[in-house]
Asker: 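Sending over a structure as structure tokens; questions will come in a sec.
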Number of protein chains: 2
Amino acid sequence: MSITSDILRGHTEAIILSHLLEHDSYGYQINKDIMKKTNNAYELKEATLYSAFRRLEQAGCIRTYWGDETVGARRRYYSITEKGRKAYADYKREWQEAREIIDQLLN
Amino acid sequence: MSITSDILRGHTEAIILSHLLEHDSYGYQINKDIMKKTNNAYELKEATLYSAFRRLEQAGCIRTYWGDETVGARRRYYSITEKGRKAYADYKREWQEAREIIDQLLN
DNA sequence: CCAATATACCTCATCTGTCAAGGTAAATAT
DNA sequence: ATATTTACCTTGACAGATGAGGTATATTGG
């Protein structure tokens, strides 16, 4: 990965929620999606991902259920809740505001 | 302040370097400048500021000297070094890259 | 004149998100 | 048979941000 973690810090939850807005998914898949979407410029570390899942679930932003795979490894799916949608909207607004501020400060 | 610290995290040093590119300055002034530039949307906390100064100095990105005020409180001035200019260029490139990545992921 | 506020510096302990390193288990490819 | 891929997870350590505290001088309002 080329982007340092401190710059991406704080965006993990928003990135996850954004993915779940499209459709339910599971950890491994979300991780692959992010790498693909960014042409391997950014890879969420597993530990980071799972700790974000825990925070999001505890906050009521996502719900989880086990997939009914009869073949292959079991998958724990995540789906976004109504609260999660609101949280995402907030995150996004915040990001847009922060982006402008930083652009302004980094002349 | 309206922006959460985790989103700004990692940008402190770049913000300071950017200010020092224009002219030497001191802690208190840099802080005020940032608030003004952002219409009070963002305020660097003092502890954050001074710990960033320490990191920057240790990394050789800035040099410090005491002002010769004969009146008022003493001021410790900071000036950017050649290494600091290079570091700033790197920070800025990184920011632009990160901005695109996040924009891509938060849709 | 005196109290409050502003200028200006600093430190320490704590908090939080990230991540390296480790683990489990099943399926598939070589 | 063995290596790789899919898929999950935990623990401890690290680093930047910050609340809370401190020092000292100058200015301003009542």
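Because only heavy atoms are used, hydrogens play no part in the values below, and waters and symmetry mates are left out as well, while side chains stay in. Residue numbers begin at 1 in each chain, while the letters A, B, ... track the order of the sequences.
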Asker: With no hydrogens and no angle check, do the side chains of Tyr91(A) and Arg93(A) hold a donor and an acceptor under 3.5 Å apart?
Answerer: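 No, no side-chain donor-acceptor pair sits under 3.5 Å.
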
Asker: Please name all residues satisfying salt bridge (charged side-chain N to carboxylate O under 4.0 Å, His left out) with Asp103(B), sequence neighbours left out, ordered by chain then number.
Answerer: Arg99(A)

Asker: Rounded to whole Å, how long is the line connecting atom CD of Gln29(A) with atom P of dT5(D)?
Answerer: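 It works out to 16 Å between those atoms.
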
Asker: Whole angstroms only, please: what is the CD1-P distance between Ile7(B) and dT16(C)?
Answerer: 17 Å

Asker: Tell me: OH of Tyr77(B) to P of dA8(C), nearest whole Å?
Answerer: 8 Å

Asker: Taking N or O atoms only and anything under 3.5 Å, show me the protein contacts with nucleotides 22-28 of chain D, one pair per line.
Answerer:
none

Asker: Give me the residues of residues 47-54 of chain B where at least one heavy atom lies under 4.0 Å from an atom of DNA chain C, by number, or none.
Answerer: Ala47(B), Tyr50(B), Arg54(B)

Asker: Provide, to the nearest angstrom, the distance between the CG atom belonging to Leu44(B) and the C1' atom belonging to dG16(D).
Answerer: 12 Å

Asker: Without hydrogens or angle criteria, can the side chains of Tyr65(A) and Arg63(A) be said to hold a donor-acceptor pair below 3.5 Å?
Answerer: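 There is no such pair between these side chains.
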
Asker: Given dC8(D), is OP1 or OP2 found less than 4.0 Å from the side-chain N or O atoms of Tyr26(A)?
Answerer: no

Asker: Using atom types as modelled and distance alone, determine if a side-chain donor or acceptor of Thr38(B) lies under 3.5 Å from a backbone N or O of Ile101(A).
Answerer: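 The answer is no, because no donor-acceptor pair under 3.5 Å joins these two groups.
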
Asker: Given the structure, check if the side chain of Arg9(A) and the base of dT16(C) hold any donor-acceptor pair shorter than 3.5 Å.
Answerer: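 Result: at least one qualifying N/O pair found.
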
Asker: Check whether any side-chain nitrogen or oxygen of Arg75(B) sits under 4.0 Å from OP1 or OP2 of dA8(C), and answer yes or no.
Answerer: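 For dA8(C), OP1 or OP2 has a side-chain N or O of Arg75(B) closer than 4.0 Å.
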
Asker: Given dC19(C), dC8(D), dC10(C), which nucleotide is nearest the side-chain atoms of Trp66(B)?
Answerer: dC10(C)

Asker: Could you tell me how far apart Lys32(B) (NZ) and dA8(C) (C1') are, to the nearest whole angstrom?
Answerer: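 Lys32(B) atom NZ is separated from dA8(C) atom C1' by 10 Å.
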
Asker: Check whether any side-chain nitrogen or oxygen of Thr12(A) sits under 4.0 Å from OP1 or OP2 of dG17(C), and answer yes or no.
Answerer: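 For dG17(C), neither OP1 nor OP2 has a side-chain N or O of Thr12(A) closer than 4.0 Å.
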
Asker: In whole angstrom, what separates Tyr65(B)'s OH from dA8(C)'s P?
Answerer: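 My rounded result for the distance is 14 Å.
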
Asker: If you measure from the Lys or Arg side-chain nitrogens to the Asp or Glu carboxylate oxygens, is any gap between Glu69(B) and Arg74(B) under 4.0 Å?
Answerer: no

Asker: Is it the case that the side chain of Thr81(B) and the backbone of Gly60(B) share a donor-acceptor pair, with hydrogens and angles ignored and the cut-off at 3.5 Å?
Answerer: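 Side chain of Thr81(B) to backbone of Gly60(B), a donor-acceptor pair under 3.5 Å: yes, one is there.
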
Asker: When you compare the side chains of Thr64(B) and Arg76(B), does any donor N or O come within less than 3.5 Å of an acceptor on the partner?
Answerer: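 Present: a donor and an acceptor within the cut-off.
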
Asker: Does a side-chain N-to-carboxylate-O contact under 4.0 Å join Glu57(B) and Lys83(B)?
Answerer: no

Asker: Check the distance between dA8(C)'s P and Tyr28(B)'s OH and give it to me in whole angstrom.
Answerer: 7 Å

Asker: Run the salt-bridge test on Glu46(A) and Lys32(A) with the 4.0 Å N-O cut-off and return the result as yes or no.
Answerer: no

